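Working notes, structure below.
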Amino acid sequence: MNQAEQSLAAPPAVIVIFGAAGDLTKRKLIPALLNLSSQKLLPSQIAMVGIDRVEMDSETYRQTLSQEISSFVGEGFDQAFWDAHIGKAYYMPGDFRDAECYKRLKKFLLEVDKEQGTPGSYLFYLATPPSFIGVIASELGKVGLAEERDDCWRRIIVEKPFGRDLDSARGLNMTLHQSFDEHQIYRIDHYLGKETVQNIMAYRFGNGTVEPIWNHRYINNVQITVAESLGIGDRASYYEEAGALRDMVVNHLLAVLSVVAMEPPNSFEADAIRDEQIKVLRAIQPFDSERVLSDTVRGQYGKGVSGNGDSVPAYIDEPGIADDSRTETFVALKLMIDSWRWAGVPFFLRTGKRMPGRYSEVVIQYKHAPNMMFRDALDRRKDISPNQLVLRIQPDEGISMEFNAKVPGTAFNVSRVCMDFDYEDYFDESTTASGYETLIYDCLRGDATLFKRADYIEVCWELVQPILDVWKALPPRGFPNYPAYSWGPEEAGKLLTRDGYRWRHTTQ
Ligand SMILES: NC(=O)c1ccc[n+]([C@@H]2O[C@H](COP(=O)([O-])OP(=O)(O)OC[C@H]3O[C@@H](n4cnc5c(N)ncnc54)[C@H](OP(=O)(O)O)[C@@H]3O)[C@@H](O)[C@H]2O)c1
């Protein structure tokens, strides 16, 4: 590595992955580390130690990774590069509940430090079921692995979901804080690592034309959709415990909302940005029981047929799901933000499984022009669509602006047209990685901007807790209430149409 490359590279460290034989590690973390390494964003003194309960040694672990890696990386996999770097991966078997495991880990890490020249800085990545977060953090603390010194740091990355309600999230924060200081804790939401979510900030705060009209005077409503066409796959037991509200809203959707709605921060410092995100989340009108009934919609998919003609079973007929399950696979919410910027502008959030497509987007619907000159030409004002700005998070990351233009010809007809910016047309493909690259790299460099602080997590749960309570007290009737591959239950449409709005469907 030359000097310029060295200065871009993260500092030397060992990345310790708990859950090293699990799905997240194989599908996302190892490919992300490989991408970072091939982009020269990792230093030469770097190592990875995997821990899991499968009995094997480092050599067998390397072989297992080598057999699977190409299928997770896909096109562009460089075998020679992999072979040259796989020696930096180590493995230690152990049970996360066993205190001895952490004593062994401490010794193991000293050996790795000696072999790889790493300085004793450790990043602990908890790619484990959430129930292990507390025990792993406590045991690391007990053996001194959470202690920082002047010449080395210790950080911990915690995956979502962070708690399953307000009490458990607070409890988890308290447990983590017994071993780690807040500045050492990196609560991940890989949505915040996505290029396009970060690009929302660049778009808003890097362009003089955007912010002046980013408010209630010009914006009519905001829609945030995270739709998945897949069902629950082999995650039945996790999903039955979680449901769409816990799985998606409290994490990804509120994260995206906070980026869309926050005030401009004073600087690009982590806490300046996170302070503004928390401020706007705190300004969301809390749900009381009345508002839960009027402004939230839950749904569960029934059987259905995809666009390709494939039939899929109802949620309750999926393997591992009880016949009488009341778990929601769809949620739509209307949120109001009590601030000068957003007074009177509804934010509609929607997420669901088995929707017609897999896509995540933010739609900013602007108000109509104040004087609709073309009303007479078109009979009814509503025939002219409002301007829409669509921020596409996935797939086809990009931004489009929909506006009205005259249809060529002698008659004065106006029609909606679309101006499109596609990320991949402008930047090379490496900019559209999974999001984990950015997050691991940022954590290694000690940049917590894209991670959630303890107070952020608790504000999100405070908002959602009344919904959980009311939904629990009043079990849903009439589930399943939307066919697979549809846009959710009818009520989700009515949530908007009753106020004169409409969801933007990408098929429109
Ligand atoms: N998978 C994803 O794409 C994804 C995406 C976003 C977030 N996440 C989050 O990431 C975390 C990990 O998810 P995952 O899908 O990778 O889970 P996973 O496949 O179940 O991986 C967890 C690993 O930990 C091992 N393990 C369980 N109990 C253990 C113990 N007592 N001692 C040692 N090892 C133990 C498991 O072994 P066994 O298999 O033998 O149980 C498994 O290899 C979860 O919090 C999840 O919500 C995952």
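Numbering of ligands and ligand atoms starts at 1, following listing order. Please read these numbers as outputs of a predicted model, since none were measured by experiment.
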(message) At under 4.0 Å between heavy atoms, is it the side chain or the backbone of H252 that contacts ligand 1, or both, or neither?
(response) neither

(message) To check you understand the geometry: which heavy-atom pair defines the closest contact between R149 and P119, and what is its length?
(response) NH2-O, 4.1 Å

(message) Give the atom numbers and elements of ligand 1 that come within less than 4.0 Å of a heavy atom of P129.
(response) 22 (C)

(message) Counting the benzene-type ring for Trp, do Y423 and F421 have ring centres under 6.0 Å apart?
(response) yes

(request) Apply the salt bridge (charged side-chain N to carboxylate O under 4.0 Å, His left out) test between E182 and each candidate in R187, R453, R155; give the one that qualifies. (result) R187

(request) Would you mind running through ligand 1 and noting each atom that sits below 4.0 Å from a heavy atom of G19? (result) 23 (C), 24 (O)

(request) Would you mind finding which of F18, Y238, F96 brings a heavy atom closest to atom 34 (N) of ligand 1? (result) F96

(request) Considering heavy atoms of the protein only, find what lies nearest to atom 6 (C) of ligand 1 and give residue, atom and distance to 0.1 Å. (result) Y436 OH, 3.7 Å

(request) Return the residue, atom name and 0.1 Å-rounded distance of the protein heavy atom closest to atom 43 (O) of ligand 1. (result) D52 OD2, 2.8 Å

(message) As an exercise, identify every atom of ligand 1 less than 4.0 angstrom from a heavy atom of R97.
(response) 31 (N)

(message) Does the structure place the NZ or CZ of R282 under 6.0 Å from the centre of the six-membered ring of Y456, at an angle of no more than 45° from the ring's axis?
(response) no

(request) Using atom types as modelled and distance alone, determine if a side-chain donor or acceptor of R354 lies under 3.5 Å from a backbone N or O of T329. (result) no

(message) Considering non-hydrogen atoms of the protein only, which is the closest contact for atom 5 (C) of ligand 1, and what is the distance?
(response) L24 CD1, 3.8 Å

(request) Using modelled atom types only, decide if a donor and an acceptor are shared between the side chain of S179 and the backbone of L176 within a distance under 3.5 Å. (result) no

(request) Could you tell me whether the side chain of W461 and the main chain of F162 form a donor-acceptor pair under 3.5 Å? (result) yes

(request) For R27, counting its heavy atoms only, list the atoms of ligand 1 lying under 4.0 Å from any of them. (result) 1 (N), 2 (C), 3 (O)

(request) Looking only at protein heavy atoms, identify the closest one to atom 46 (C) of ligand 1 and say how far it is in Å. (result) K160 O, 3.7 Å

(message) Tell me the protein heavy atom at minimum distance from atom 27 (C) of ligand 1, and give that distance in Å.
(response) R53 NH2, 3.7 Å

(request) Say whether, by atom type as modelled, one donor and one acceptor occur between the side chain of R392 and the main chain of Y359 under 3.5 angstrom. (result) no

(request) Give a yes or no answer on whether the side chain of D95 reaches the backbone of R97 with a donor-acceptor pair at less than 3.5 Å. (result) yes

(message) List ligand 1 atoms under 4.0 Å from A21, heavy atoms only on the residue side.
(response) 43 (O)

(request) Look at atom 20 (O) of ligand 1 and say whether a protein heavy atom is found at less than 4.0 angstrom from it. (result) no

(request) Among all protein heavy atoms, pick the one closest to atom 31 (N) of ligand 1 and tell me residue, atom and distance. (result) D95 OD1, 3.0 Å

(message) With a 4.0 Å cut-off on heavy atoms, is G94 in contact with ligand 1?
(response) yes

(request) Please indicate, with yes or no, if any protein heavy atom is found under 4.0 Å from atom 17 (O) of ligand 1? (result) no

(request) Enumerate the atoms of ligand 1 whose separation from the nearest heavy atom of P161 is less than 4.0 angstrom. (result) 47 (O)

(message) Counting only heavy atoms, tell me which of E159, K28, K26 gets closest to atom 7 (C) of ligand 1.
(response) E159

(message) Please check this pair: side chain of Q465 against backbone of L166, looking for a donor-acceptor N/O pair closer than 3.5 Å.
(response) yes

(request) Among all protein heavy atoms, pick the one closest to atom 45 (O) of ligand 1 and tell me residue, atom and distance. (result) T128 O, 3.0 Å

(request) Take atom 39 (O) of ligand 1 and look for protein heavy atoms under 4.0 Å from it; say yes if you find one, no if not. (result) no

(request) Would you name the heavy atoms of A454 and H177 that are closest together and state the gap between them? (result) CB-CE1, 3.9 Å

(request) Considering heavy atoms of the protein only, find what lies nearest to atom 15 (O) of ligand 1 and give residue, atom and distance to 0.1 Å. (result) D23 CB, 3.5 Å

(message) Taking the basic N atoms (NZ, or NE/NH1/NH2) and the acidic carboxylate oxygens, is any pair closer than 4.0 Å for E147 and R154?
(response) no

(message) Which heavy atom of Y485 sits nearest to which heavy atom of S229, and what is that distance?
(response) CE2-O, 3.7 Å

